[in-house]
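Structure first, commentary second.
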Amino acid sequence: MTTQTAPGGHAGEPHRQGLAQRLNWLRAGVLGANDGIVSTAAVVVGVASATSDVLPVLLAGSAALVGGAISMALGEYVSVSSQRDSERTLIEKERRELAEEPEAELAELVGLYEQQGLSHATATAVATELTGRDALKAHLAIELGIDQDDVVSPWHAALASAVAFFIGALLPMATILLLPHPARIVATFVAVLLALAVTGYLAAWIGGSPRGRAVIRTVIGGAIALAATFLVGSIFGTAAG
C-alpha cells in the first residue's frame, strides 16, 4: 500500500491528514496490549506459583482479562473525551473571536508569524492570504496546534485499547494454561518479556523516541511485576500448604 504525502512533504514525515486520529488509536492500542500482557501475566503467574491446579489460574486470568479490558476502555474514553472537549472549547472560542474582532485576530496572526522569523511584510502577506482561505484553520494551526478536522475520537481510543488489551492478555493465558506445570511459569516469563520488548519498541517508534531505551524500560518493568507476583504467590502457596 502506498502512502500519500501532502504537497511539499517528504516520505515518512507526518504531513498526512488524520494523523492525530491514527496516532491516537495506535498509541491506545500499543499501551492496551502492553497492559494486557503485564497485568494478566502477573495475575496468572502469581496464582500458578501458589497452586498447580489449572482451574484457579483460568478463573483468575479470565477475570483479569475481562476486567482489565473494560477498565482500559473506560480509562481511554474518559481521558480522550476530556482532551476532545478541551479542543472543541478552544475551537469555539477562536471562532467567536474571529467573528467579533476580525482585525485584532488578523493582527495577532501577523505577530505570531513574525515570532516565527518572518518579516512584517511577509508575515502580513501570509496571514492575509491564509485568513482569506480559512481564518479559523489558520489561527488554530499557529496558535494552538489544532486541526479542527482531526480532533481525536474517544471511541477509537477506547475500542483500540480494549481489543489490544484482550489480545495482549491471551499470550500469558495461553502459555500458562497450555504448557505442563514444571515449565509453564518459566515459559510465561520468557514469552511475556519478549512480547514486552515488541510493544516497547512499537511505542517508541510511534512516539519517535529512542527504541532501545524504551525496550529496556518496558522489559525491566514487566520482569519486576512478574517477579513480585511470583514471590507473593509462592509465599501464600507455601503457607497454605
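Using modelled atom types and a 3.5 Å distance limit, the side chains of S119 and T122 yield a donor-acceptor pair.
Expressed to the nearest 0.5 Å, how far OG1 of T175 lies from CZ of F189 amounts to 12.5 Å. Atoms OG1 and CD, on T131 and E103 in that order, are 12.0 Å from each other to the nearest 0.5 Å. Once rounded to the nearest 0.5 Å, the distance linking OG1 of T89 with CZ of R84 reads 10.5 Å. Considering OG1 of T128 and CG of L106, their distance stands at 5.0 Å, rounded to 0.5 Å. In this structure, CD1 on I142 lies 6.0 Å from CG on L112, to the nearest 0.5 angstrom. With values rounded to the nearest 0.5 angstrom, F165 atom CZ is found 7.5 Å from S71 atom OG.
Between S161 and L31 the shortest side-chain heavy-atom distance does not fall below 4.5 Å. Between M173 and L58, the closest side-chain pair of non-hydrogen atoms falls below 4.5 Å. Inter-residue side-chain proximity for V43 and T229 is flagged as unmet; no heavy-atom pair is nearer than 4.5 Å. When side chains are defined from C-beta on, L109 does not count as touching E105, because their heavy atoms never get closer than 4.5 Å. E143 is listed as a side-chain neighbour of E108, based on a closest heavy-atom distance under 4.5 Å. Side-chain contact between T40 and F166 is absent, with no heavy-atom pair separated by less than 4.5 Å.
More than 12 heavy atoms of other residues, nucleotides or ligands sit less than 6.0 Å from atom CZ of R211.
Put simply, the side chain of D53 never gets that close to the backbone of P56: no donor and acceptor are under 3.5 Å apart. Counting only distance, with no hydrogens or angles, the side chain of S234 and the backbone of F230 share a donor-acceptor pair below 3.5 Å. Of the possible donor and acceptor atoms, one in the side chain of T199 sits under 3.5 Å from a partner among the backbone N and O of L196.
The two residues V80 and A157 make their nearest non-hydrogen contact at CG2-CB, 3.7 Å. The two residues T51 and R184 have their closest heavy-atom pair at O-NH2, 3.3 Å. Considering every non-hydrogen atom in both A214 and G200, the closest pair reads CB-O, 3.6 Å. Summarising the geometry of P172 relative to G168, their closest heavy-atom pair is CD-O, 3.2 Å, with the distance given to 0.1 Å. Between A187 and L179 the shortest heavy-atom distance is CB-CD1, 3.2 Å. Of all heavy-atom pairs spanning A138 and L130, the tightest one is CB-CB, 3.8 Å.
I220 forms part of a hydrophobic cluster together with I216, I224, judged by ILVMFWY side-chain heavy-atom separations under 4.5 Å.
Residues R96 and E92 are not paired through a salt bridge, judged by the lack of any N-O separation under 4.0 Å between the basic side chain and the carboxylate.
In the hydrophobic cluster analysis, where Ile, Leu, Val, Met, Phe, Trp and Tyr join through side-chain heavy atoms closer than 4.5 angstrom, V66 is grouped together with L74. Using a 4.5 Å cut-off between side-chain heavy atoms of Ile, Leu, Val, Met, Phe, Trp and Tyr, with links allowed through other members, I176 and V54 fall into the same hydrophobic cluster. The hydrophobic clustering, which links ILVMFWY residues whose side-chain heavy atoms are closer than 4.5 Å, places V38 and I167 apart. V192 and Y201 end up in the same hydrophobic cluster when Ile, Leu, Val, Met, Phe, Trp and Tyr side chains are linked at under 4.5 Å. Hydrophobic clustering, with ILVMFWY side chains joined whenever heavy atoms are under 4.5 angstrom apart, groups I37 together with L226.
In this structure Y77 satisfies the ring-ring contact (aromatic ring centres under 6.0 Å, His included) test together with W155, sequence neighbours excluded.
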